[in-house]
Number of protein chains: 2
Amino acid sequence: MSPKKNGPEPIAPAAPWVPVTIRDVAKVAGVSTGTVSNVLNRPDIVAESTRRRVLQAVESTGFIRNTQAHQLRGGRSQTVGVVVLDVANPFFTEMFRGAESRLQTEGYVLMLASTDGSVEREANFVRAMEEHRVEGVLITPAAAELGALAGLRTRGVPTVLLDRKATADEFCSVTVDDVRGGELAARHLFETGHLELAFVNGPSSVRQCRDRRQGVRKAVRSVSKTKKVEVTEVSVGALTVRHGEDVVERILAMSPRPTAVMCANDLLALGVLRGLASRGVRVPDDLAVTGYDDLIFGSMLSPALTSVRQPAFELGVAAAELLLDEVRNPDHRHREVRFEPELVVRTSSRP
Amino acid sequence: MSPKKNGPEPIAPAAPWVPVTIRDVAKVAGVSTGTVSNVLNRPDIVAESTRRRVLQAVESTGFIRNTQAHQLRGGRSQTVGVVVLDVANPFFTEMFRGAESRLQTEGYVLMLASTDGSVEREANFVRAMEEHRVEGVLITPAAAELGALAGLRTRGVPTVLLDRKATADEFCSVTVDDVRGGELAARHLFETGHLELAFVNGPSSVRQCRDRRQGVRKAVRSVSKTKKVEVTEVSVGALTVRHGEDVVERILAMSPRPTAVMCANDLLALGVLRGLASRGVRVPDDLAVTGYDDLIFGSMLSPALTSVRQPAFELGVAAAELLLDEVRNPDHRHREVRFEPELVVRTSSRP
DNA sequence: TTGAAAGCGCTAACAA
DNA sequence: TTGTTAGCGCTTTCAA
């Protein structure tokens with residue numbers, strides 16, 4: 001079992017691979033490089049027997065086309081860059097999956113980068129992708145301003161904004177109607193008899209938070225014609241579990257005590273649920289709770305969490321579609337594809 | 001608010017961008033292309049004043065280096081391919097983040113592809129990446145056999161296997177000791193007084209399941225010197241929430257009834273928790289439960305789930321490190337970096 | 001139907 | 001210190 005003297009002999013690396021070029025293939029097949037190229041790109045214009053011979057040579061040499069050389073000669077890079085805020089966030093990975101599913105069928109390979117909200121990292125990645133001559137970019141901008149993307153625009157790199165509306169018609173974009181989403185959640189609670197509502201929201205600097213609040217106001221206006229409802233907004237510094245947990249105290253101290261808590265996202269809601277559980281408040285019997293995002297685990301909690309679903313995968317597909325149009329269609333016009341959020345009612349808000 | 005007759009006039013696309021080459025820069029700066037190249041690659045060997053003039057021209061023209069041309073001339077592609085089973089799985093995205101964090105500092109851009117276990121898709125992606133001349137590949141192979149990766153090996157593309165051990169010394173690999181992880185969980189339960197254990201495991205065809213079972217057996221051997229313990233393995237068809245929920249009935253029917261349920265992953269555990277909750281069985285008072293993977297939501301459940309953590313991020317970093325060594329170090333030898341799983345004890349198994 | 005050759009944008013050896 | 005030039009691997013006229 002154990003070797004005599006030395007440790008187990010490490011196996012030497014495989015014999016160094018000499019890159020095979022189209023020239024090598026040509027030599028083996030006994031044709032010119034032009035013919036090999038033709039076999040690869042327009043097989044129909046070359047004689048049957050020659051084609052077979054060349055294909056055979058490709059096989060035997062293990063030739064793999066060099067896309068860089070191909071592209072240099074005027075070809076396409078077959079590459080799309082995707083820049084998201086956080087790869088660890090399921091919302092973004094779902095979007096990535098959607099985009100990939102569409103672009104993969106067109107032969108594209110995706111470059112993915114995660115900025116974690118850093119404008120500097122974003123700039124670096126975009127730069128690197130431009131150097132790689134990506135044919136397009138799908139991006140969730142890190143900054144509130146789109147100035148960082150000006151280069152892409154002036155250089156004419158097809159770009160689609162993810163979950164962010166372009167201010168002018170500078171870019172295509174795919175978004176979800178957050179106003180509508182906020183309205184859906186609030187209205188649902190009103191309609192199931194909750195007239196005193198606590199709305200746990202994040203900082204106003206976040207567009208999503210602003211929009212969702214606006215949706216809540218809309219629901220209030222519409223419902224208050226027939227019923228008297230009251231909404232108290234409770235602001236927290238960030239959309240995290242901890243912030244949700246910490247806010248419970250304030251909610252329970254409110255007078256009159258609300259009968260429902262609407263949270264600006266699922267993580268907050270999760271924190272709220274934990275806070276309530278530790279204080280023996282039952283959900284939904286004593287207090288109803290809703291979240292937003294419909295993260296995968298929401299349905300697995302007890303009680304399962306009512307939430308507002310965003311069609312992340314479809315967003316990715318739509319973004320890919322817009323990009324493809326911009327790449328191929330000379331008459332392309334920028335536009336915004338807006339998705340509708342969907343209320344998913346579960347136990348946590350069931351009457 | 002509404003336009004007169006037509007919809008809002010779509011803004012015409014930006015003026016077509018004429019690609020700027022090193023020649024354009026040279027012309028503007030009044031130097032040769034060689035000098036521009038020198039300014040870009042070895043700025044020290046060119047005169048201060050010339051350098052400034054060239055840099056100025058780069059700026060004013062908006063020049064962006066073409067990596068394809070650069071690479072064709074013998075440069076590196078600065079690109080690494082990552083192929084995972086499922087981008088939607090947090091375990092893989094964490095690994096990706098780890099790899100990215102390391103490789104980004106070296107100027108690499110990552111291509112990411114998700115195979116969803118399809119050998120065919122895997123082959124396509126690997127092929128595309130080879131055509132792009134990635135400098136290396138990080139991959140979780142879709143198939144049990146590594147035959148699909150033979151091409152990478154013979155062509156000498158540095159390749160690191162993620163969460164999969166290479167059979168011979170064909171590739172570097174990063175793995176987690178699943179035997180140890182299984183042992184940790186089982187031993188923890190034994191030591192907290194649970195002598196009758198139900199082990200909910202997935203199909204034996206999955207390596208992880210086999211290894212974790214082996215770990216359980218090891219724990220049994222070691223503990224049974226001092227105590228009499230009994231483990232009953234309950235097999236399910238897949239590691240999903242539904243399978244966990246369905247298995248509860250069988251567990252509760254067992255005689256003698258176990259005092260703890262060890263699950264082969266967190267999703268199963270989640271299902272078990274739900275099943276128990278719906279039958280009014282209290283956790284951990286009536287029955288202790290553990291999972292495996294330590295997915296993010298585990299700590300947010302009530303009761304919070306005891307689990308075995310796998311250092312996904314660190315796996316990614318290690319894989320990147322191995323790859324960099326293979327890329328740069330002529331004396332590189334393939335090796336396996338094995339990580340230790342870590343038991344995270346939470347309420348669900350607290351005595 | 002095939003071959004010869006120019007050239008994509010860039011770098012590096014060599015010359016000036 | 002800077003310019004000239006060959007050539008990386010490939011595609012695509014144009015000529016044979």
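The analysis underlying the following values was restricted to heavy atoms, covering all of them including side chains, and did not include hydrogens, waters or symmetry mates. Here is how names work: the chains are called A, B, and so on, in the same order as the sequence lines, proteins then strands, and each is numbered from 1.
With contacts defined as side-chain heavy-atom distances shorter than 4.5 Å, the pair B:Val31/B:Thr50 qualifies. You'll find the side chain of B:Phe96 stays beyond 4.5 Å of the side chain of B:Leu162, heavy atoms only. Between A:Leu85 and A:Asp116, every side-chain heavy-atom pair lies at or beyond the 4.5 Å cut-off. Using a 4.5 Å heavy-atom cutoff, the side chains of B:Arg52 and B:Val39 are not in contact.
Side-chain contact, B:Glu135 with B:Thr79: no donor N or O sits under 3.5 Å from an acceptor N or O. B:Thr115 and B:Ser118 form no side-chain donor-acceptor contact under 3.5 Å, judged by distance and modelled atom types alone. Checked by atom type, the side-chain pair A:Gln78/A:Thr67 shows no donor-acceptor distance below 3.5 Å.
A:Gln68 places its CD atom 14 Å from the P atom of C:dT11, with the value rounded to the nearest Å. Counting to the nearest Å, the C1' atom of D:dT11 and the CD atom of B:Glu131 are 15 Å from each other. As rounded to whole Å, 14 Å separates atom P of C:dA4 from atom CD1 of A:Ile22. Atom pair A:Asn66:CG and D:dT11:P shows a separation of 9 Å (rounding to whole Å applied). What separates CG of B:Leu72 from P of C:dG7 is a distance of 17 Å, to the nearest Å. Rounded to whole angstrom, the span from the CG atom of B:Asn38 across to the P atom of C:dA12 amounts to 8 Å. The interatomic distance linking B:Ile64 (CD1) with C:dG9 (P) rounds to 15 Å, in whole Å. Counting to the nearest Å, the C1' atom of D:dC8 and the CZ atom of A:Arg23 are 10 Å from each other.
Across all strands shown, B:Val31 has heavy atoms under 4.0 Å from sugar-phosphate atoms exclusively, and none from any base.
Note on B:Arg133: every side-chain N or O is 4.0 Å or more away from OP1 and OP2 of D:dG9. Contact check, A:Thr35 against C:dG3: a side-chain N or O comes under 4.0 Å of OP1 or OP2. Taking only side-chain nitrogens and oxygens, B:Thr21 never comes nearer than 4.0 Å to OP1 or OP2 of C:dG9.
Between A:His132 and B:Ser77, the shortest heavy-atom distance links the atoms CE1-O, 3.0 Å.
Once rounded to the nearest 0.5 Å, the distance linking CG of B:Leu138 with CG of B:Leu315 reads 11.0 Å.
With salt bridges taken as basic N to acidic carboxylate O contacts below 4.0 Å, one links A:Glu100 and B:Arg121.
The residue among A:Arg53 and B:His70 whose nearest nucleotide of DNA chain C is located toward the 5' end is A:Arg53.
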Show each protein N/O and nucleotides 5-7 of chain D N/O combination with a separation under 3.5 Å, one pair to a line.
unit_1, atom_1, unit_2, atom_2, d
D:dG7, N2, B:Arg73, NE, 2.3
D:dG7, N3, B:Arg73, NE, 3.4

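The side chain of B:Ser32 lies closest to D:dG3, out of C:dT11, D:dG3, D:dT12. Here D:dT12 is the nucleotide among C:dG3, D:dG9, D:dT12 with the atom lying nearest to any side-chain atom of A:Ser37.
Less than 4.0 Å separates DNA chain D from at least one heavy atom of each of the following residues of residues 41-52 of chain B: B:Val46, B:Ala47, B:Thr50.
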